Amino acid sequence: MEDSKPKSLNFLEEIVQENLAAGQYPQGIFTRFPPEPNGYLHIGHAKSICLNFGLAQKFGGKTNLRFDDTNPMTEETEYVESIKKDVSWLGFTWANELYASNYFEQLYEFALELIKKSLAYVDDSSAEEIAAQKGTPTSAGTESPFRNRSVDENIALFQDMRAGKYPDGAKVLRAKIDMAHSNMHMRDPLMYRIRHVAHHRTGNAWCIYPMYDFAHGQSDSMEGITHSICTLEFDVHRPLYDWFIDKLAIFASHQYEFARLNLSHTVMSKRKLLQLVNEKIVHGWDDPRMPTISGLRRRGFTAASIRNFCDRIGVAKRDNLIDLSLLEFCIREDLNKSADRVMAVLDPVKLVITNYPDGQVEDLAIENNPEDLDSGKRIVPFSKELYIEREDFMVDPPKKFFRLGPGLLVRLKGAYIIQCDHFELNPDGSVKEIHAQYLPNSKSGQDTSGIHVKGTIHWVSIPHAVEAEVRLFDRLLIVEDASELGDDFLKFINPDSLQVLDKVYVEPSLREAEIGEAVQFIRKGYYCLDPDSTAERLVFNRTVTLKDTWAKEQNK
RNA sequence: UGACCUAUGGUGUAAAGGUAACACACCAGUUUUUGGUUCUGGUUUUCUAGGUUCGAAUCCUAGUAGGUCAACCA
């Protein structure tokens, strides 16, 4: 039985459903994810990946991974590898791994075909001359003096271009359409340019390379792509996309456009991300502050959380600016269910339990995850001297401070209730050491004290503590919307986007942590072990904080 | 003085001419050995003006606002 009330479809799904209902694609639908291998994938690409693969999955189709490698100046195999890794990591399997460069010979034949139909010509004009011929959006262009060369001359010239008889920039192949067209892209667009540059896959086999517009649609067509989805700015390319397919009389792929993802407090364009890397504002493409897939992965985001995020943001044709808090919600939602809880004291202050026997150690069994009863328990050693969080003690606490202060009672997580009776200050006025007494009959799980305390705080036993480094990340930009900042965006970098804590104490179980494994530091946030870690020194990345209503309360 | 795309709470996204809803965010309460989690409730919405219609977020017209387009980039 079909659902009587199907979940509402997005506009792309509606299109596919209508096409299918009309019997247009009996073989099923085909989509493709077509990155240019000139940089690393970011979360905007993740949206496109989820859309392309998701559409095919939903309607029983398939998705190709096609590298749009028509510009040898900028493309490298390094990027191909990282892109494949990221798409796989996100959890998608492509039907075929393909390259636009696979089609160079066929595209060349297509070009000859258009020349023979008098629909393309070789132009000797310079780049500047061609730009001048284009006119402006509000005034028609002018025709090139080379526009009416004979078919035979064009064929000979184009063959010579391929044969390498001309230097870069000497000639181009142009489509003969309409220099007065209201769409600039239809004013005799370039099809081929000369580039005596080695290509990462075809080497020196070619010295002419097709432009995006002459490669993309035909590549789609050759692969039988039914739904070629791309971002809004390609909308104006669609008439040209259709024109080439029509004149070549090949399988009609269709292009559909959606609004790209914009995320608050960050930048998304490859150029700007590259700038952050090159100017060493971040430490690389996989810096955990970067919105790249590799950065998010290193930061501790799970593939499921990113897929979920892409699902929740939806898809439409209007410009959007997604609040970072939605991404944070998605990772918290995932990790809350799956991450084991551990204790780590980020800003330590010493606590002495004066009535606890010297030298005694208790191995406490503490639940790993209250959200997952199957996760079991782990052993955490408890002793007379502990570290607690500096912010969990106040000399003169306000009314609703449910933590430690002179005379106040608080529970040590998984251990005992304690009461503070004394503290010592450093010369600078900061707290040096806190003294408290524990209630021996208040042990966690076997509490007969009858006392209920409002607060529970985390701790680490000093003799058992493992020292670690913790890296706290925050939003990259101090402004929400970077869209109109232009190159000025560097002035709005958050100076506190990275904060390194080099003397953090974590419980000993963390010695067994694995790179990338997510844990929750109780009351502090979700963290994961960074690849920079060594056997001697653990380095943790903060993925995201926990929601903190106390902090919010304080800011009021 | 162009063409094309778009306009729904703070942010996104639904509602196929018939009660404007869902998520995030925010606020209040509940639960809790994490000020986490859970659960409950709440605040806030159809760009403007006309028109068609019994009825318009939806259709039409005109405005307004935002975006895109003039790389031998993709």
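Order of the sequence lines sets the chain letters (A, B, ...), proteins ahead of strands, with each chain counted from 1. The structure presented is a predicted model; accordingly, all values stated were derived computationally and were not measured.
- Look at the P atom in both B:rC24 and B:rA56: the space between them is 33 Å, to the nearest Å.
- A:K454 comes within contact range of no nucleotide atom at all, as no heavy-atom separation falls under 4.0 Å.
- We find the OG1-CD distance between A:T543 and A:E328 to be 11.0 Å, quoted to the nearest 0.5 Å.
- Of the side-chain N and O atoms in A:R260, none sit less than 4.0 angstrom from OP1 or OP2 of B:rA74.
- For the pair A:R193 and B:rC73, the criterion of a side-chain N or O lying under 4.0 Å from OP1 or OP2 is met.
- As rounded to whole Å, 12 Å separates atom P of B:rA74 from atom OH of A:Y192.
- In the model, A:S228 has a side-chain atom that pairs as donor or acceptor with a side-chain atom of A:R32 under 3.5 Å.
- Distance from the side chain of A:L546 is smallest for B:rG36 among the nucleotides B:rU1, B:rG36, B:rA71.
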Intra- and inter-strand pairs of RNA chain B in dot-bracket (Watson-Crick or G-U wobble, both distances under 3.5 Å; | for another strand): .((((((..((((....[..)))).((((.........))))....(((((..]....))))))))))).....
CA sep, side-chain torsions, deciding dist, call: A:K270, A:E36, salt bridge (charged side-chain N to carboxylate O under 4.0 Å, His left out): CA-CA 11 Å; A:K270 253 181 212 175; A:E36 182 187 14; 5.0 Å; no
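- Residues A:Y241 and A:D220 have side chains that bring a donor and an acceptor to within less than 3.5 angstrom of each other.
- Here NE2 of A:H254 is found 10.0 Å from OG of A:S221. Values are rounded to the nearest 0.5 Å.
- Donor-acceptor pairing under 3.5 Å, judged by distance alone, is absent between the side chain of A:E371 and the base of B:rU38.
- Minimum atom distance to the side chain of A:D323 is reached by B:rU11, of the listed B:rC24, B:rU33, B:rU11.
- For A:F158 and A:Y192, the ring centers sit closer than 6.0 Å to each other.
- Checked against a 6.0 Å centroid threshold, the rings of A:F382 and A:W459 count as neighbours.
- Both A:N369 and A:P210 sit near RNA chain B, but only A:N369 has its closest nucleotide nearer the 5' end.
- In this structure, A:K84 and A:F67 have side chains that are in contact, with non-hydrogen atoms separated by less than 4.5 Å.
- Using a 5.5 Å limit on the distance between ring centres and a 30° limit on the angle between planes, the aromatic ring of A:W550 counts as stacked on the six-membered base ring of B:rG35.
- A donor-acceptor contact under 3.5 angstrom links the side-chain atoms of A:S444 to the base of B:rU33.
- Applying the 3.5 Å distance criterion, the base of B:rU33 shares a donor-acceptor pair with the side chain of A:R411.
- Straight-line distance from the CG atom of A:L409 to the P atom of B:rU33: 16 Å, rounded to whole Å.
- Each of A:M184 and A:H237 was assigned the nucleotide of RNA chain B with the nearest heavy atom; the assignment lying further toward the 5' end belongs to A:M184.
- In the interface, the side chain of A:H185 is not paired with the base of B:rA3 through any donor and acceptor atom under 3.5 Å apart.
- Aromatic ring centroids of A:F540 and A:F521 lie under 6.0 Å apart.
- The side chain of A:F329 approaches B:rA25 more closely than any other nucleotide in the set B:rA74, B:rU68, B:rA25.
- In this structure, the side chains of A:Q255 and A:R238 come closer than 4.5 Å at one or more pairs of heavy atoms.
- Under the 3.5 Å distance criterion, with hydrogens and angles disregarded, a donor-acceptor pair is assigned to the side chains of A:Q133 and A:S125.
- Protein atom CG of A:N262 is 10 Å distant from nucleotide atom P of B:rU68, rounded to whole Å.
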When you compare the protein's N or O atoms with those of nucleotides 13-19 of chain B, which come within less than 3.5 Å of each other, and at what distance?
| unit_1 | atom_1 | unit_2 | atom_2 | d |
| --- | --- | --- | --- | --- |
| B:rU13 | OP2 | A:R318 | NH1 | 2.9 |
| B:rA14 | OP1 | A:V315 | O | 3.3 |
| B:rA14 | O2' | A:S8 | OG | 3.1 |

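- A ring-centre distance under 6.0 Å is found for A:Y212 and A:H216.
- B:rU64 and B:rU52 have their P atoms separated by 24 Å, given to the nearest Å.
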Taking N or O atoms only and anything under 3.5 Å, show me the protein contacts with nucleotides 42-47 of chain B, one pair per line.
none

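- Remark: A:T74 is not in phosphate contact with B:rA74, judged by side-chain N or O atoms under 4.0 Å from OP1 or OP2.
- The side chain of A:T549 contributes an N or O atom lying less than 4.0 Å from OP1 or OP2 of B:rG36.
- Near RNA chain B, defined here as any heavy-atom distance below 4.0 Å, the residues from residues 330-345 of chain A are A:N336, A:R341, listed numerically.
- In this structure, A:I457 places its CD1 atom 16 Å from P of B:rU33, rounding to the nearest Å.
- In this structure, A:D213 places its CG atom 11 Å from P of B:rC72, rounding to the nearest Å.
- Interatomic distance, A:L364 CG to A:R378 CZ, rounded to the nearest 0.5 Å: 10.0 Å.
- Among the nucleotides B:rU37, B:rC73, B:rG12, the one closest to the side chain of A:R195 is B:rC73.
- Judged as a ring pair (Phe, Tyr, Trp, His ring centres under 6.0 Å), and not counting sequence neighbours, A:H458 has no contacts.
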Intermediate values then yes/no, side-chain hydrogen bond (donor to acceptor under 3.5 Å, both in side chains), A:K377 and A:N368: CA-CA 5 Å; A:K377 297 188 171 187; A:N368 283 321; over 6 Å; no
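- Spacing between atom CZ of A:F258 and atom P of B:rU68 amounts to 16 Å, rounded to whole angstrom units.
- Scored by the ring pair (Phe, Tyr, Trp, His ring centres under 6.0 Å) test, A:W285 finds A:Y40 as partners (sequence neighbours excluded).
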